[in-house]
Every structure is written in structure tokens, then in C-alpha cells.
Amino acid sequence: MRKSFIAGNWKMNLTVTQAVELAKSLVKSVKDCPHRVLIAPNFTCLDAVSKVLPGSPILLGAQNMAFAETGAYTGETSVLMLKDVGVQVVILGHSERRSIYNETDEIINKKVKLALTHGLEVILCVGETLEEREAGRAIEVVNAQIEAGLKDVTAEELSRVVIAYEPVWAIGTGKTATPQDAQEVHAAARAKVGELYCPKCAENLIIQYGGSMNAGNAKELMAMPDIDGGLIGGASLKAETFLPIVNYDK
Ligand code: PGA
């Protein structure tokens with residue numbers, strides 16, 4: 001039985017004071033939640049937010065990570081630095097990283113392997129553009145990103161990988177994939193992981209949906225058999241819009 005996993009990706013929003021304030025109000029409300037819950041503040045807020053979380057089930061996530069461990073990489077943040085401030089999970093391959101910062105599947109795969117080697121959990125983001133969807137290539141694109149992103153990842157390491165299906169055209173646009181369309185891609189992604197690893201590995205894999213998920217559509221999306229959680233951007237920036245998603249089944 002897979003445990004639902006609701007994650008907030010705060011992106012490049014909130015100052016330290018605002019991030020701590022939001023984290024504190026979430027800690028107050030998320031106590032006996034049956035789901036896994038994560039918040040991913042930006043790098044400058046991680047340390048301060050980590051100090052709010054002890055005793056809370058809320059997990060601390062980072063939004064990105066360097067592909068190398070240490071060295072001359074001006075502007076980058078290492079896996080060691082993330083672990084040092086208590087990060088447990090790292091989001092990798094987000095479409096904004098792929099499209100704005102030209103991260104390739106090869107770079108993302110390097111990051112995935114490095115994070116897993118250091119014991120972190122990974123949320124590997126995949127998703128097709130509108131053009132690719134309209135050309136009928138959504139599943140092909142997503143499956144290729146999964147295969148490349150997980151290259152040389154062992155079955156043991158896979159147990160610390162979550163896949164987030166985020167159709168690029170649905171991110172921050174207010175357009176959500178229909179639950180049926182999302183389900184189709186999630187089922188295909190799960191089958192792909194079954195092919196690459198084993199049926200049990202596929203069965204246990206958590207696949208989140210991301211792209212304009214909100215309090216109004218979360219329940220319907222989460223009702224789909226292969227949708228196991230959400231990666232939420234805009235609606236994760238306020239407790240009053242994030243908590244109803246966390247509590248989608250109440
Ligand atoms: P959104 O972002 O919820 O604002 O569409 C989701 C994401 O990019 O992770």
C-alpha cells in the first residue's frame with residue numbers, strides 16, 4: 001500500500017522571515033497526518049526552516065543540487081551542504097531547471113545518483129511540453145526522461161526515488177491535466193519502471209502529479225489509482241491553500 005506524499009515547492013519565493021512563519025503555521029496544523037508532507041524552501045531559507053521542523057513529521061526538501069560534491073562551482077550548492085542543514089529530500093529535474101537552465105537528462109542523472117549515494121531521497125520531475133502532448137508524444141517523452149534520469153540507479157536506491165509527473169503546460173498556468181489524462185501517463189510511467197526494474201519496484205513507486213494542483217482539484221486527482229501525491233508550487237505558498245491539499249481526504 002503506497003503512502004500519499006504531498007510536497008510544497010516554494011520555488012524562488014519567500015524571505016527567511018516569511019518562510020519561517022509559513023513553516024511554523026504548517027507545523028502547528030500537520031500533526032497526525034496519514035500522508036507524507038514535505039516543504040522545499042529556497043537555499044537561503046533551508047537552515048532557518050530546518051530549525052522549526054524538529055518534532056514535526058514535515059520533511060525538509062531542497063529544490064536543486066549541484067552535480068559535483070565539492071569544488072570550483074561558483075553559485076552551486078552541494079549535497080554535503082544540503083545534508084548539513086538537515087535536508088532529507090531533493091527535487092531534481094524540475095522543468096524550470098530543464099528549460100531555463102538547460103539541464104539535460106545526463107546532468108539530472110548525475111545529480112540523482114549523487115543524491116542517492118549520499119542517502120537523500122529524490123523527487124525526479126518529468127513531463128512533456130504542450131507541443132509534445134499535441135503531437136501525441138507525452139508518454140514517450142516522460143518514459144524517456146525516466147529511463148535517462150534513472151540510468152545506473154539500483155533497485156535498492158530506487159526505493160528512495162519518487163517520480164513527479166508535471167506536464168510543463170500545466171505548471172503555474174492554472175491549467176490542470178484532467179485526472180484521466182494524468183492517470184494515463186502515471187500508469188505508463190509505472191509500467192516503464194516495472195520494465196526497467198521489477199513489478200514490485202513499480203508497485204511500490206510513489207508518483208506525484210504536479211501542475212496547478214489546488215484545493216479544488218486535489219481530491220479528484222488523488223482518487224486516480226496511479227496518482228500517489230502532489231508536487232505543489234503556487235498553492236503551497238500559503239497555509240490556507242496548502243493545508244486543504246494536504247488534507248484532501250478529510
Ligand atoms: P504549480 O507548480 O503548482 O504552481 O503549477 C508546480 C511545480 O512546478 O512544482
Side-chain angles (χ1 to χ4, degrees), residues 4-14 18-19 22-23 26 35-43 45-46 49 58-65 87-103 108 111-112 115 121-130 132-133 138 141-142 145-146 149 161-179 181-183 185-186 189 206-222 224 227-248:
S4 304
F5 188 4
I6 309 292
N9 173 11
W10 293 356
K11 305 194 181 182
M12 197 175 72
N13 295 291
L14 309 180
Q18 292 167 332
L22 176 55
L26 295 175
H35 319 304
R36 298 184 86 209
V37 180
L38 171 130
I39 50 177
N42 90 315
F43 289 140
C45 298
L46 282 171
V49 169
I58 300 176
L59 299 162
L60 184 64
Q63 301 171 15
N64 183 29
M65 190 194 93
V87 166
Q88 296 145 297
V89 184
V90 59
I91 299 170
L92 295 174
H94 190 281
S95 68
E96 287 148 18
R97 301 293 324 167
R98 291 177 190 264
S99 66
I100 307 171
Y101 300 100
N102 301 319
E103 286 194 17
I108 294 159
K111 295 184 178 192
V112 167
E121 276 186 57
V122 168
I123 297 178
L124 171 63
C125 303
V126 295
E128 82 287 358
T129 61
L130 186 58
E132 289 163 340
R133 170 152 289 264
V141 167
V142 164
Q145 288 172 344
I146 291 174
V161 175
V162 166
I163 288 179
Y165 167 57
E166 299 202 302
V168 177
W169 48 271
I171 297 177
T173 57
K175 285 186 204 151
T176 325
T178 64
D181 284 347
Q183 165 59 26
V185 179
H186 281 233
I206 298 294
I207 310 180
Q208 296 173 325
Y209 168 80
S212 299
M213 201 184 212
N214 58 41
N217 59 31
K219 194 172 178 173
E220 231 191 330
L221 285 159
M222 293 296 295
M224 292 290 135
I227 300 184
D228 312 310
L231 182 56
I232 296 110
S236 71
L237 292 171
K238 287 189 182 140
E240 58 269 31
T241 48
F242 188 53
L243 289 170
I245 307 176
V246 170
N247 297 320
Y248 70 91

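All ligand and atom numbering here is 1-based and tracks the order in the structure.
- No more than 12 heavy atoms of other residues, nucleotides or ligands lie within 6.0 Å of NZ in K219, so this atom counts as exposed by the packing criterion.
- Other residues, nucleotides and ligands place no more than 12 heavy atoms under 6.0 Å from the CD atom of E220.
- Under the side chain to side chain donor-acceptor pair (under 3.5 Å) criterion, the residue pairs touching residues 228-245 are R2-D228, R190-D228, with sequence neighbours excluded.
- The heavy-atom pair separating H94 from C125 by the smallest distance is CA-CB, 3.7 Å.
- Between the side chain of S212 and the main chain of A170, a donor-acceptor pair closer than 3.5 Å is present.
- Protein residues having at least one heavy atom under 4.0 Å from any atom of ligand 1 are N9, K11, H94, E166, A170, I171, G172, G211, S212, L231, I232, G233, G234, listed by chain and number.
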Steps toward salt bridge (charged side-chain N to carboxylate O under 4.0 Å, His left out) verdict (E166, R98): CA-CA 12 Å; E166 299 202 302; R98 291 177 190 264; over 6 Å; no
